[in-house]
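Some notes on the structure that comes next.
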There are 2 protein chains.
Amino acid sequence: METPAPGFVLDRETKANERPGDHKDELRLWLRLLTCSTLIETEIRNRLREEFKTTLPRFDLMAQLEKSTTGMTVGEVSQRLMVSNGNVTAVVAGLLADGLVDKRPAAQDRRVQVLTLTALGRKSFKAMAERHEGWIAELFAGLDHVEISQLFRLLGQTKGSLHQAIKRRADQANGEGDSA
Amino acid sequence: METPAPGFVLDRETKANERPGDHKDELRLWLRLLTCSTLIETEIRNRLREEFKTTLPRFDLMAQLEKSTTGMTVGEVSQRLMVSNGNVTAVVAGLLADGLVDKRPAAQDRRVQVLTLTALGRKSFKAMAERHEGWIAELFAGLDHVEISQLFRLLGQTKGSLHQAIKRRADQANGEGDSA
DNA sequence: AGAAATTATTTCAGGCTTAAAATAAATTCA
DNA sequence: TGAATTTATTTTAAGCCTGAAATAATTTCT
């Protein structure tokens with residue numbers, strides 16, 4: 001992938017045709033993506049613990065709430081964060097105990113729990129978010145504007161590809177819109 | 001980042017200079033990277049459970065062992081997988097119980113535990129790995145060869161940037177080679 | 001209205017994960 | 001040699017996370 005065989009410069013196409021069932025490039029790509037993601041997560045986790053004595057799941061949850069003035073339901077947060085409902089309930093329990101988040105049933109639909117940051121929660125989050133943004137910038141400091149923009153675009157493509165493939169699989173499992 | 005302000009086409013540079021402390025692009029990039037990584041992880045996790053009744057941590061651990069004919073120590077696996085030693089110990093416990101992995105103290109250094117796949121482990125892994133490679137290829141099917149190659153390269157850059165930033169921080173914390 | 005189906009959340013059991021403390025073996029060095 | 005240090009792993013306590021079952025409220029349908 002990085003170092004083409006000596007003597008050949010072109011011919012990615014040909015190479016692929018020569019090995020019909022070969023998907024090593026995709027596998028390597030995934031492993032590298034995972035490495036990057038893990039490195040960032042671990043570093044942010046460490047810094048949140050050291051500087052703010054908190055955890056990444058808590059920070060992420062607060063970040064979601066901060067973006068919404070009117071509050072969010074457990075289900076909305078769960079979807080945004082791509083974690084289970086039960087997990088949101090558990091992390092919220094901790095934040096409630098620390099007075100950072102407020103939870104109350106919605107007036108119109110008493111099944112729904114609306115989550116908001118308390119004043120303390122907003123203040124606490126603001127301080128963390130500022131540092132967090134700086135840390136992320138530091139971590140990506142080795143990339144210039146163009147590279148960041150290219151990477152952003154390619155990951156957008158990737159995201160689309162993933163959604164498509166996941167949807168394909170789900171449709172297949174459900175008998176393609178249960179029209180049969 | 002994706003949609004430049006109307007009337008401007010150039011001038012990423014200028015834009016950056018106008019907002020000195022702004023690192024929103026890096027933040028958006030990180031969020032998108034995390035989204036991709038989470039989508040893939042979740043999907044692979046689901047498929048491993050459905051088709052093989054196993055988990056991703058188990059699969060990842062077996063994948064490391066499979067690459068080494070002579071076996072690996074707990075520490076080596078821990079480093080490769082970027083997880084704690086204690087975690088390796090725990091996941092290995094499950095694999096040992098299922099007869100997929102073998103653990104024995106090294107002859108020369110009795111502190112060290114050498115892990116290898118059993119014959120059953122190799123057989124089991126082989127079946128999963130084949131499917132796994134196909135799943136990953138499916139997930140990235142929306143990207144062509146050039147995009148995959150570009151993305152791989154940019155993530156290589158990113159990985160380098162991350163290692164640098166993390167090292168910088170660590171050096172700083174240790175007083176820059178304790179020469180003071 | 002009232003039964004049935006749907007929707008939102010919580011609970012539960014179990015596994016993953018971490019950091020820090022404990023254990024145990026090997027190495028250094030006085 | 002033997003005490004002190006370093007290295008490899010395990011244990012521990014606590015929190016994260018999941019899928020599935022349970023609960024509770026709403027909506028749909030007759």
Side-chain angles (χ1 to χ4, degrees), chain A residues 34 37-39 41-62 71-98 100-101 103-115 173, chain B residues 34 37-39 41-62 71-98 100-101 103-115 173:
Chain A
L34 181 59
S37 178
T38 305
L39 283 172
E41 268 205 32
T42 302
E43 189 64 14
I44 297 300
R45 214 180 276 279
N46 288 342
R47 295 186 186 191
L48 280 174
R49 190 182 51 256
E50 285 168 19
E51 294 200 16
F52 297 104
K53 309 221 176 303
T54 192
T55 66
L56 190 49
R58 273 162 176 254
F59 177 81
D60 287 343
L61 182 14
M62 291 175 79
M72 291 175 81
T73 70
V74 170
E76 284 167 349
V77 172
S78 150
Q79 216 167 355
R80 280 306 197 85
L81 255 29
M82 295 190 280
V83 298
S84 67
N85 282 341
N87 185 23
V88 172
T89 299
V91 175
V92 163
L95 294 171
L96 279 170
D98 293 350
L100 299 165
V101 159
K103 176 170 87 168
R104 56 186 57 181
Q108 327 84 317
D109 184 341
R110 296 207 311 288
R111 289 171 306 181
V112 171
Q113 297 286 344
V114 179
L115 306 172
Chain B
L34 181 59
S37 178
T38 305
L39 284 171
E41 268 205 31
T42 302
E43 189 64 14
I44 297 301
R45 211 179 278 279
N46 288 341
R47 296 186 186 190
L48 281 174
R49 189 181 52 254
E50 284 167 19
E51 294 200 17
F52 297 104
K53 309 224 176 303
T54 192
T55 66
L56 191 49
R58 273 162 178 254
F59 177 81
D60 287 343
L61 180 16
M62 291 176 79
M72 291 174 81
T73 70
V74 170
E76 284 167 349
V77 172
S78 151
Q79 216 168 354
R80 280 305 199 86
L81 256 30
M82 296 189 279
V83 298
S84 67
N85 281 343
N87 185 22
V88 173
T89 299
V91 175
V92 163
L95 294 171
L96 279 170
D98 293 350
L100 299 166
V101 159
K103 176 170 88 167
R104 57 187 56 182
Q108 329 83 311
D109 184 341
R110 296 207 311 289
R111 287 171 306 181
V112 171
Q113 297 286 343
V114 178
L115 306 171

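Here is how names work: the chains are called A, B, and so on, in the same order as the sequence lines, proteins then strands, and each is numbered from 1. Here the structure is a predicted model, which is why all the values come from computation and not from measurement.
- Using a 4.0 Å cut-off between charged nitrogen and carboxylate oxygen, E41(B) and R45(B) count as a salt-bridge pair.
- Out of dT10(C), dC16(C), dT10(D), the shortest distance to the side chain of P57(B) is found at dC16(C).
- Counting heavy atoms from C-beta outward, M62(A) and T54(A) have side chains that stay 4.5 Å or more apart.
- Atom-to-atom, CZ of R104(A) to C1' of dA8(C) comes out at 19 Å; the value is rounded to the nearest Å.
- Nucleic acid contact class of S78(A) (heavy atoms, under 4.0 Å, all strands): none.
- Nucleic acid contact class of R45(B) (heavy atoms, under 4.0 Å, all strands): none.
- Rounding to the nearest 0.5 Å gives a distance of 9.5 Å between CG of L115(A) and CG of L95(A).
- Distance CE (M72(B)) to C1' (dT9(D)): 15 Å, rounded to an integer number of Å.
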- Could you check E43(A) against R47(A) for salt bridge (Lys or Arg N to Asp or Glu O under 4.0 Å), going step by step and ending with a plain yes or no? CA-CA 6 Å; E43(A) 189 64 14; R47(A) 295 186 186 191; 2.9 Å; yes
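- Looking only at side-chain heavy atoms (C-beta outward), D98(A) and R58(A) come within less than 4.5 Å of each other.
- For E51(A), the CD atom is densely surrounded, since the number of other residues' heavy atoms within 6.0 Å is greater than 12.
- Here T55(B) reaches the OP1 or OP2 of dC16(C): one of its side-chain N or O atoms lies under 4.0 Å away.
- Listed nucleotides: dT10(D), dT9(C), dC16(D). Nearest to the side chain of R58(A): dC16(D).
- The residue D60(B) sits apart from the nucleic acid: no heavy atom pair falls under 4.0 Å.
- As a whole-Å value, the separation of E50(A) CD from dT18(C) P is 15 Å.
- Within 4.0 Å (heavy atoms only), D109(B) reaches sugar-phosphate atoms of the nucleic acid but no base atom.
- A residue-by-residue look at T73(A) and A107(B) shows that T73(A) has its nearest nucleotide of DNA chain C further toward the 5' end.
- Rounded to a whole Å, the CD atom of Q79(A) is 17 Å from the P atom of dC17(D).
- Proximity of R110(B) to the phosphate of dA24(C): no side-chain N or O atom is located under 4.0 Å from OP1 or OP2.
- Contact annotation: N85(A) does not reach the phosphate of dA20(D) (side-chain N/O to OP1 or OP2, under 4.0 Å).
- Nearest-nucleotide positions on DNA chain D place S84(A) closer to the 5' end than the other of Q108(A) and S84(A).
- Atom NZ of K53(A) is separated from atom P of dA14(D) by 17 Å (rounded to the nearest Å).
- Separating the CG atom of N46(B) from the P atom of dC17(D) is a distance of 16 Å, rounded to the nearest angstrom.
- Among dA8(C), dC17(D), dT17(C), the nucleotide with an atom closest to any side-chain atom of N87(B) is dT17(C).
- Looking at R111(A), its side chain comes within 3.5 Å of the base of dT7(C) through a donor and an acceptor atom.
- For dA8(C), neither phosphate oxygen OP1 nor OP2 lies less than 4.0 angstrom from any side-chain nitrogen or oxygen of K103(A).
- Atom CZ in F59(B) sits about 17 Å away from atom C1' in dC16(C), given to the nearest Å.
- Nucleotide dT17(C) holds its P atom 16 Å from the CZ atom of R49(A), rounded to whole Å.
- If you check every strand for non-hydrogen atoms under 4.0 Å, G86(B) touches a base.
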